Amino acid sequence: MAISRSTYGTRRLAIVLFACLLIALFLLPSQSQRLLQYVGGPLGQVLSVPLAAFSTVDHGISETWSGYVALQAVHEENRQLRRDIDLLKGQNNQLRESVAAAQRYETLLSFKQQSPSQTVAAQVIGRDATNWYRGMILNKGEGDGVRPEMGVVTPAGVVGRIVKTNSTSSVVLLVTDPNNAIAGVVQRTRDEGVVEGTSNGRARLKYIPLLSRVQAGDRVVTSGLTGTFPRGLAIGGLTQVEKSEGDLFQSAEIEPEVDLSKLDEVLIITAPYDDAEAAQKLLQEIHGDRKKP
Amino acid sequence: MKFLLYLLLALVVVPFQTTLLHYFSVFGVRPDLGLVAACLVGFLGGELDGLILGLILGCFQDMLSAGDLWINVVTKGGSGFLAGLAGRHMAHITPAVMTAGLAIISCLSSAVFLYSLNPADLDEVWLGVRSTIVVQAALDAAVGAGLYLLFRQRWSDDRMVTEGML
């Protein structure tokens, strides 16, 4: 009976306290807020301990689930992603190759438009069938107007000359082959000579006059005398000048301007000068040069 | 029929030689698959077969080479014929014999090329020997021996049948 009374009294007390709290909250909102904050500080600290513990467990469970139980799905997703990455890598490579090719074509086109010569663009499709000649096979032949003895160039400079043709392809003998000879001129001193390939894969300017002041670093360009190449196309730079006792001429080693091991597209010069006007202009230039002291 | 087969073989070998074989080059030198094919067929099929295949291969190679138009026809045809003669006089063709034979024939063929290039002096000759002839002979011998080992069983059966028929 006493217990029942006590319980009843406690409940009433609780109701009264709750009512007081509500009244206080409504009538004195700021003061009650401050009180609650004051009381809530230590309560929050106490609460934080189990909260952290439960949180740790929750994280553990979550990680266990996602890392182990749900691994099958992740594994499958990973495989799919790897496949996607491979696919994208392939596409990326193709796009890079396309960009590189487009840049090369743009350079070729620009050179073609600026050049006074009539040219045909060709792709390198193979290398010489033997190890004894430095040659390359191009995908343009007689059907495209290509004939033996035509010059082959890139925007960087001279590549070589056509030595064989058939209806669909042609063989170009590179400037570094010992069987090749191109008329060249040293750009600075205007000394003429013959550029021949050497056994070590470079080229050599022969028959330089003995009194010439050529030196390493001078650039050699085509002289335009042979008719295969127009005047002024870069052949390479002199790396070493040799003058032997008793020789009638000097000779110099040339580092070719074009990296012949990395050729993809070239231009075949079908006519060194585009028209009579260009030829006339060139003649005037030559005469102008000769008149200068 | 055999002629067509050789024609097809040449149509595969020569384009492969000119386009893809540089990936397998050693010191910038590639094996001469035309020579290897002519010699293998010569060794195992006789001098006439070696000669015919060599001529076809040489003709195609000359079309895709900067050299004179005769040189591959002569060297490949000659190599096939020589290999056929050698094969006819041997009782047993082993991989070692094949290797040595191919190396010798490759050296002879390369010597013709070197001679045709008119080297200026002895230094150029030695340079050609060191940088090309020796390396190419080794590669040709290795490729030939490898192919022989790969298809030995079939070829020896064919040879026995041919000899039995003879």
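Since we're looking at a predicted model, the values are computed, not measured. Each chain gets a letter, A, B and so on, in the order the sequences are listed, and its residues count up from 1.
- Here the side chain of A:S170 pairs a donor or acceptor atom with the backbone of A:K140 at under 3.5 angstrom.
- Residue contact with chain A, scored on non-hydrogen atoms closer than 4.5 Å, is absent for B:N118.
- Judged purely by distance below 3.5 Å, without hydrogens or angles, the side chains of B:D62 and B:S65 never pair a donor atom with an acceptor atom.
- For the set A:M136, A:R134, A:K164, the entry with the most heavy-atom pairs within less than 4.5 Å of chain B is A:K164.
- Using a 4.5 Å cut-off between heavy atoms, B:V14 makes no contact with chain A at all.
- When the candidates B:Q61, B:E124, B:Q17, B:R30 are compared by the number of heavy-atom contacts under 4.5 Å with chain A, B:R30 comes out ahead.
- With a 4.5 Å cut-off on non-hydrogen atoms, B:D68 touches chain A through its backbone but not through its side chain.
- Environment of CZ in A:R188: crowded, with over 12 heavy atoms of neighbouring residues, nucleotides or ligands closer than 6.0 Å.
- Here the options are B:L82, B:N72, B:I133, B:L35, the test is side chain to side chain contact (heavy atoms under 4.5 Å, CB included), and the partner is B:S109; only B:L35 passes.
- Between A:F249 and A:Y207, the two ring planes are perpendicular [angle over 60°; tilted spans 30° to 60°].
- Judged purely by distance below 3.5 Å, without hydrogens or angles, the side chains of A:T165 and A:E142 pair a donor atom with an acceptor atom.
- Between A:D86 and A:R83, no side-chain nitrogen of the basic residue sits less than 4.0 Å from a carboxylate oxygen of the acidic one, so the salt-bridge criterion is not met.
- Proximity to chain B (any heavy atom under 4.5 Å) is restricted, for A:I125, to the backbone atoms N, CA, C and O.
- Contact of B:S131 with chain A is not made at all, since no heavy-atom distance falls under 4.5 Å.
- Interface remark: A:N131 contributes backbone and side-chain atoms alike to the contact with chain B (heavy atom separation under 4.5 Å).
- With a threshold of 4.5 angstrom between heavy atoms, B:L64 approaches chain A through its backbone and through its side chain.
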